[in-house]
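Data first, discussion second: the structure below is written as structure tokens.
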Amino acid sequence: TGLTLALWQYDVARAQAHRAEQVKNFLTSLFEQADPVVAGEQEVTLREIVDDAAGRLETELQDTPEVRAELAQLIGNAYFGIGDFDKALELHQRALSQWQSDNSGPSLKIVRALNAVGMDYSRRGEYGKAEALHREAIDQLESLGLSESIDAADSWTQLGAALVQPSPAQAREAMLRAHEINLRVRPENKSALARSLGNVAAGYRAERNIEESARYHEQALSVADTNNERLAPEVLAIRCNLALDYGTLGRHEQALAAQRQCNDMTVERFGFDHPSNVPNLNNLGALDLRMGNLIEAEQTYLEALRIAESKLPAMSLDRMAAEINYSVVLWHSGRSAMAEDRLRDLLPRMEASLGAEHPASGRVRSLLGRVILDRGDAETAKRFIENSLKGLTPYWRSDALLWLAEANLALQQPSVATKLSRESLELRQSIPHFTDWQVSEPRYVLAAATNDQKLLEDVKRIFARALPQSHFRRK
């Protein structure tokens, strides 16, 4: 009857209001800790507040599981924001489990919780688990009749992020789908459009279409700058990725300036020790290394490694990238034994996370082979490098071919070394990413293999101009 329905609606509204009041009271009591009147002279950090919230959630509000789930989701979001993805996952999974047990069918709460848990898995490098959760969220939205909604755009975006490493083409398609939905459901929201343009750019970059990536990143920044959002996390990511595009396109000085601006703004927004600094420092170190700034690159990579080892799990892609990059610096500066130890520890983790056939695993394997060559074992080095060639990106393949040429030269196979060094040279000449000294590396091996003294002297002069005395190419 009408009266029964009205009473039911009243009960629902009263329960919702009561839950909202409980959540408000819980959060208010937390932030009272930061009040100087309560805290006294002791400064209370955000981490301490979030940890206290998680601890209290274990014992409080036991008779209101719905409220506990909402708070678990909020606290999980806070942990994600400060870069503790393990704790974020724990809290988000608790919220998801509660809402799944409360509902017999799809709901927006479950959709959002699925995406939150998926994002946690992505940041931990567990992309398969993340993909499955985001696809489940998209399926639920379709069954709810919400395939054209803000939640749908967000779900497609997070699916794209989970696919960037394992399947770049699918990632780009997912990002384009999200952008198209955004254009239809929130065309006036400049922040959302800037973010979705940046995500499409990331998809193109994953496919190695750098011209399109740069074009979309520039469009995204143009939209974001008109909206005065210079320190928004998504805008910072767009700015940092544009610096990567410039470097890949061979615009090295422009890339270095853009990357330094990106790093400074990220520190301004998040502080020195936030995990978001790790990929930025990795990229800045790579630019310095490419331009021959070995000392600056080592300092940058050490800072990236310090943050990564204290803030990120061992299987995190950003952490493993920092380990690879620091190993490269160790090798370039003549510390091959240290580089070998690090790479041998890293390789099984990389293969477990991405698979043995993934290009990043092949990169580590080929780099380990090159370091082993410096340690005097040319046969083992050759075997490692040969087993890494399949599926490498053109950039990494040019390195592997060069290193394989050096291994064959050490094994008294000059004709094979000549062929391989020429293949490496052709690749490096076709990729603007490489600087003059890097293009000269295969020329150096080619000169040694063919006993071309004039070419050898020319290359040595290029190395002397571009590289510090401590660099292994100068020795």
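For clarity, every value in this text was computed on a predicted model and none was experimentally measured.
- Note that CD of Glu131 and CD of Gln170 are 6.5 Å apart. Values are rounded to the nearest 0.5 Å.
- Checked for salt-bridge contact, Glu212 and Arg172 miss the test: no charged N lies under 4.0 Å from a carboxylate O.
- Remark: Glu218 does not engage Arg215 in a salt bridge, criterion side-chain N to carboxylate O under 4.0 Å.
- Between Arg363 and Asp399 there is a salt bridge, since at least one side-chain N of the basic residue sits less than 4.0 Å from a carboxylate O of the acidic one.
- Applying the 6.0 Å contact sphere to CG of Asp436 captures no more than 12 heavy atoms from other residues, nucleotides or ligands.
- Between Leu404 atom CG and Glu386 atom CD the span is 5.5 Å, to the nearest 0.5 Å.
- Between the side chains of Tyr79 and Asp51, at least one donor N or O sits under 3.5 Å from an acceptor N or O.
- With respect to the salt-bridge test (charged N to carboxylate O, under 4.0 angstrom), the residues Arg186 and Asp154 qualify.
- Considering all non-hydrogen atoms of both residues, Ser327 and Ala339 come closest at O-CB, 3.5 Å.
- For the atom pair Leu402 CG and Leu427 CG, the distance stands at 11.0 Å (nearest 0.5 Å).
- Within the 3.5 Å criterion, the main-chain N or O of Ala464 finds no donor-acceptor partner in the side chain of Trp437.
- Sequence neighbours left out, the pairs with a member in residues 230-273 that pass ring pair (Phe, Tyr, Trp, His ring centres under 6.0 Å) are Phe270-His274.
- Distance check, rounded to the nearest 0.5 Å: OG of Ser333 to CD of Glu298 gives 5.5 Å.
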Inset, instruction - Show your working on salt bridge (Lys or Arg N to Asp or Glu O under 4.0 Å) between Glu303 and Arg306 and close with a plain yes or no. - result: CA-CA 5 Å; Glu303 180 64 10; Arg306 180 189 68 78; 2.7 Å; yes

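- Listed by first then second residue, pairs satisfying side chain to side chain donor-acceptor pair (under 3.5 Å) with a partner in residues 254-267 read Arg251-Gln254, Gln259-Asn263, Thr266-Asn280, not counting sequence neighbours.
- From Glu340, atom CD reaches atom CG of Leu373 across 11.5 Å, with rounding to the nearest 0.5 Å.
- Considering every non-hydrogen atom in both Val445 and Ala405, the closest pair reads CG1-CB, 3.9 Å.
- Each of Glu441, Lys460, Gln438 was compared with Arg473 under the side chain to side chain contact (heavy atoms under 4.5 Å, CB included) criterion, and only Glu441 meets it.
- The pair Arg205-Asp245 meets the salt-bridge criterion, with a side-chain N (NZ, NE, NH1 or NH2) lying under 4.0 Å from an Asp/Glu carboxylate O.
- In this structure, Ser388 contributes its side chain and Arg365 its backbone to no donor-acceptor pair below 3.5 Å.
- Remark: Arg461 engages Asp458 in a salt bridge, criterion side-chain N to carboxylate O under 4.0 Å.
- For residues 328-366, the ring pair (Phe, Tyr, Trp, His ring centres under 6.0 Å) pairs, not counting sequence neighbours, are Trp331-Trp403, Trp331-Phe472, His332-His471, His332-Phe472.
- Annotation for Gly292 and Pro468: closest pair O-CD, 3.2 Å, computed over non-hydrogen atoms.
- Distance alone, capped at 3.5 Å, places no donor-acceptor pair between the Ser353 side chain and the Met350 backbone.
- Judged by distance alone, with hydrogens and angles left aside, the side-chain atoms of Ser421 form a donor-acceptor pair with the main-chain N or O of Ala417 at under 3.5 Å.
- Between Arg383 and Glu379 there is no salt bridge, since none of the side-chain N atoms of the basic residue sits less than 4.0 Å from a carboxylate O of the acidic one.
- With values rounded to the nearest 0.5 angstrom, Leu159 atom CG is found 10.5 Å from Arg177 atom CZ.
- Salt bridge status for Arg422 with Glu426: absent, with no side-chain N to carboxylate O gap under 4.0 Å.
- The existence of a salt bridge linking Glu90 and Arg94 is confirmed by a sub-4.0 Å separation between a basic side-chain nitrogen and an acidic carboxylate oxygen.
- Residues Pro275 and Asp318 are not in side-chain contact: their nearest non-hydrogen atoms beyond the backbone lie 4.5 Å or more apart.
- Residues Tyr127 and Tyr121 keep their aromatic ring centres 6.0 Å or farther apart.
- Scanning both residues, Asn182 and Ala153, for their nearest heavy atoms gives OD1-CB, 3.6 Å.
- Of all heavy-atom pairs spanning Pro313 and Arg319, the tightest one is O-CD, 3.4 Å.
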